[in-house]
Amino acid sequence: MADARIQPRWRPPPLIRASVVLHLAAAGATLTRPRLWPWALAAVVADHLLLTAAGLWPRSRLLGPNWTRLPPTGRAHTTRAVAITIDDGPDPQVTPQVLALLETHSARATFFCIGERVAAHPGLAREIVQRGHAIENHSQRHLHRFSLLGPNALEREIRAAQDSIAAATGEVARFFRAPAGLRNPFLEPVLVRTNLSLVSWTRRGFDTVNRSPARVLGKLTHRLANGDILLLHDGHAARTAAGGAVILEVLPALLAAIAAAGLTPVTLRDAAERARSWADVD
Ligand SMILES: [Zn+2]
């Protein structure tokens, strides 16, 4: 097993390596055969469109590693697990009710928190951790233009959220989810430097815009299976016709469906530990 204290190095994925080669070839062609410049330019533009599309596709692995499911744990683990991930909090109105619902069902969840909100509600962030859940990094400000930031600005956003989470809870976040799942090729080297793993999801309920708990539940439980990562929101939550946050109506039914399918909700950290112990034994 790799020693966690050794700073891992970023290894460019094939798409990035191919892009670098293409840029060099385009520059070489333009210098040696100037008449080819329109073709060289077209190739570079097409490459940038492809890189942008990969960043706008939250579940893509073209820009680097990305958890869209829990890692395999082998047959030794009889527990079949899913991860409930809850984004954009902590929210002083919604999060305490979410914690109470999870407690009723003895369920563990992963909260991808916004650093500024953690700093504004440190007691609530501590409570999340004290109740056995995990807080992970969802950037400091949740900027809509996050995927347009350069490497330095991305690193500032991510390190600021790490600091906010550590100051409030004493915990170091291990996972990162990009705002709205949107990113660019500069993100992965920053995540390697900050020791964070990128996580997207298997399925999401679109519960920031969909006001129908039944429809959100239907999207999350459609083909529910071992290893799924499910996405809900305690912050920026859509409201039902009755005025409550959608997650509060969805969670009890979702937890019942998970139990009925013989699955156990675990945190991403637990899933990583289980996968690691299986890999060590193997
Ligand atoms: Zn978010």
Side-chain angles (χ1 to χ4, degrees), residues 54-60 63-64 66-68 83-99 102 109-121 124-125 128-129 133-149 153-165 168-169 171 173-184 186-188 190-191 194 196-211 213 216 219-220 228-239 245-248 250-251 254 267-269:
L56 299 180
W57 174 19
R59 302 182 70 241
S60 145
L63 300 180
N66 180 6
W67 283 32
T68 59
I84 298 173
T85 62
I86 302 174
D87 286 14
D88 294 5
D91 179 283
Q93 263 82 52
V94 180
T95 310
Q97 299 179 70
V98 168
L99 292 174
L102 291 169
T110 299
F111 290 77
F112 278 96
C113 289
I114 298 171
E116 277 186 344
R117 291 194 170 190
V118 170
H121 310 287
L124 190 48
I128 292 173
V129 173
H133 310 291
I135 291 192
E136 306 295 354
N137 188 324
H138 196 35
S139 83
Q140 178 68 0
R141 292 177 291 172
H142 204 274
L143 298 171
H144 290 299
R145 55 188 171 82
F146 181 83
S147 65
L148 301 177
L149 299 180
L154 283 176
E155 188 153 349
R156 277 197 300 275
E157 268 293 302
I158 288 167
R159 286 200 189 274
Q162 285 299 85
D163 291 347
S164 301
I165 291 167
T169 68
E171 295 272 318
R174 295 187 216 163
F175 294 94
F176 177 77
R177 178 175 279 152
L182 308 182
R183 61 202 196 280
N184 67 39
F186 298 127
L187 179 63
E188 182 54 27
V190 173
L191 295 182
T194 48
L196 289 161
S197 300
L198 183 71
V199 175
S200 52
W201 51 80
T202 310
R203 233 168 288 108
R204 53 177 164 170
F206 294 98
D207 60 332
T208 56
V209 288
N210 197 328
R211 302 178 65 208
V216 170
K219 284 188 195 303
L220 291 171
D228 282 358
I229 299 172
L230 307 175
L231 167 56
L232 282 157
H233 288 81
D234 57 350
H236 299 138
R239 305 288 150 165
V246 167
I247 185 173
L248 300 176
V250 171
L251 254 190
L254 177 63
T267 62
L268 295 171
R269 289 165 183 230

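Ligands are counted one by one from 1 in listed order, and the atoms in each one are counted from 1 as well. All of these numbers come straight from a predicted model, not from anything done at the bench.
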Do any protein N, O or S atoms sit under 2.8 Å from the Zn ion (ligand 1), and which ones are they?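 Checking every protein N, O and S atom gives D88 OD1, H138 NE2, H142 NE2.
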How long is the straight-line distance from [atom2] of [Y] back to [atom1] of [X], given to the nearest 0.5 Å?
X    : Y    : atom1 : atom2 : result
N66  : W201 : CG    : CH2   : 8.5 Å
I229 : L268 : CD1   : CG    : 5.5 Å
L198 : N137 : CG    : CG    : 11.0 Å

Pairwise side-chain contact, V94 with H233, heavy-atom cut-off 4.5 Å (strictly under):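 Not in contact.
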Between E155, R156, E157, R183, which is the residue that forms a side chain to side chain contact (heavy atoms under 4.5 Å, CB included) with L149?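 Testing L149 for a side chain to side chain contact (heavy atoms under 4.5 Å, CB included) against E155, R156, E157, R183 leaves exactly one candidate, E157.
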Sole candidate of E136, Q140, H142 that passes side-chain hydrogen bond (donor to acceptor under 3.5 Å, both in side chains) when paired with H138: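 Only one option passes, and that is H142.
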